[in-house]
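Below is one structure; the comments refer to it alone.
Numbers here simply count residues along the sequence, with the first being 1. Order of listing sets the numbers, starting from 1, for every ligand and every atom in it.
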Amino acid sequence: MDMILEPARRMTREDLMYLLNLKDREEIQRLFDRAYQVKVEYVGNKVYFRGLIEFSNICRKDCFYCGIRKSNRNVVRYQINEDEILESARFAYENHYGSIVLQSGERDDAQFIGFVEKIVRAVKELSSNSLGITLSLGEQREETYRRWFLAGAHRYLLRIETSNERLYGRLHPEDHSYRKRIECLKMLYEIGYQVGTGVMIGLPGQTIEDLAEDILFFKKMDIAMVGMGPYLVHKDTPLSSKISDFEVIKERQLELALKMIAVTRIYLRDVNIASTTALQALDPTGREMGLKAGANIIMPNITGTEYRSSYQLYDNKPCLDENASLCRTCLGQRIESVGETIGFDEWGDSPHFRK
Ligand code: 5AD
Ligand code: FES
């Protein structure tokens, strides 16, 4: 039996593990080709842009892997003001990006909640309601999620980071709760958001079985969008001191992340899958490789360049000095170079969500 061609509905956890474990170069290439074929069949060969605005690196949390965790004193903290955020949003609108993503460190104070609500309304207004808005602002109360939804946000990204509760526990301080995160994902779903989640790939202590479970988790939660990428070391974090170089060999991290994208595409078929910046950090063409392995979403960074160096979740983040226009030109060429087209002026909802 050829597992790479096996229909998804018949695949078991062991089958997913078998695919994630492929070692032979030719077999891996066949896996990517199959995933690409499934993508073209279910979501087409159009790539959708989400202009990413990282509007603040102030965070109340302390995840052991993340460069902007609150205990990292080596970061200059910033908060971009309303005018500048709207300027970036206008750039996205004028350049026909169908939607934007507002991301920041996690905060849950009243001032922050009100600020986000105001921005969401203003973005809707400046684009005559046409720009789609995704929020990526962490764990919040139900009432907050509702307020932002009513203001006009329609998608929310909240990565589970790993679906293995024990591993989650080792990557976070004690007061960060896996259960709470699951509750948040459920609330978002109930409210009516298109919900995205994802994991980090190649975390210290993570097994292939964990990754297969992650894919089953996406399915169980009826997720519409998946955003995941390789775990990358940030030197000013507790996790960096705990791992050996052996665990984070670049090539291996890249290959594993691409296999994870491919198997997720084959298994879930009609969802949106992002080709993340973290892939590009491992190889300059990492995001194009992601598109060839089944991803269909790219999130060009449109944050003002003066803030980029302060939003480093991991070391060696790419594109720190390319402004949004340069980024657009460079991306357009890269995407066309792999034979894909760009879905300008479209929200690009996944067929899965539309169902
Ligand atoms: N390596 C890779 N991804 C990271 N993230 C945070 N820190 C790192 C890191 N060191 C990811 C998390 C988070 C997203 C915004 O960035 O998955 O959800
Ligand atoms: Fe900010 Fe994890 S460190 S949410």
Item to complete: Name the orientation class of the two ring planes belonging to Tyr156 and Trp148 (parallel below 30°, tilted from 30 to 60°, perpendicular beyond 60°).
Response: parallel

Discussion item. Can you tell me which residue among Ile201, Asn21, Ile261 is in a side-chain contact (heavy atoms from CB on, under 4.5 Å) with Leu256?
Written reply: Ile201

Item to complete: Apply ring-ring contact (aromatic ring centres under 6.0 Å, His included) to Tyr193 and Phe149, showing your working.
Response: CA-CA 7 Å; Tyr193 280 100; Phe149 186 74; 4.9 Å; yes

Worksheet item: For Thr285 and Asp283, does a side-chain donor sit closer than 3.5 Å to a side-chain acceptor?
Response: yes

Filter the ligand 1-protein atom pairs down to N or O on both sides and distance under 3.5 Å, then list them.
from     : atom 1 : to     : atom 2 : distance (Å)
ligand 1 : 1 (N)  : Leu232 : N      : 3.0
ligand 1 : 1 (N)  : Leu232 : O      : 3.3
ligand 1 : 10 (N) : Tyr65  : O      : 3.0
ligand 1 : 10 (N) : Leu232 : O      : 2.7
ligand 1 : 10 (N) : Leu313 : O      : 3.4
ligand 1 : 17 (O) : Arg159 : NH1    : 2.8
ligand 1 : 17 (O) : Glu161 : OE1    : 2.5
ligand 1 : 18 (O) : Glu161 : OE1    : 3.4
ligand 1 : 18 (O) : Glu161 : OE2    : 2.6

Response to the item:
Listing protein N, O or S under 2.8 Å around atom 1 (Fe) of ligand 2 gives Cys59 SG

Item to complete: Report yes or no: do Phe218 and Ile297 belong to one cluster of Ile/Leu/Val/Met/Phe/Trp/Tyr joined by side chain heavy-atom distances under 4.5 Å?
Response: no

Worksheet item: Just checking, any donor-acceptor pair under 3.5 angstrom between side chains of Gln29 and Asp33?
Response: yes

Discussion item. For the residue pair Glu306 / Tyr78, report whether a side-chain donor-acceptor contact shorter than 3.5 Å exists.
Written reply: no

Worksheet item: What about the rings of His172 and Tyr178, do their centers lie closer together than 6.0 Å?
Response: no

Worksheet item: Hey, are Lys118 and Glu82 close enough for a salt bridge, meaning a charged N less than 4.0 Å from a carboxylate O?
Response: yes

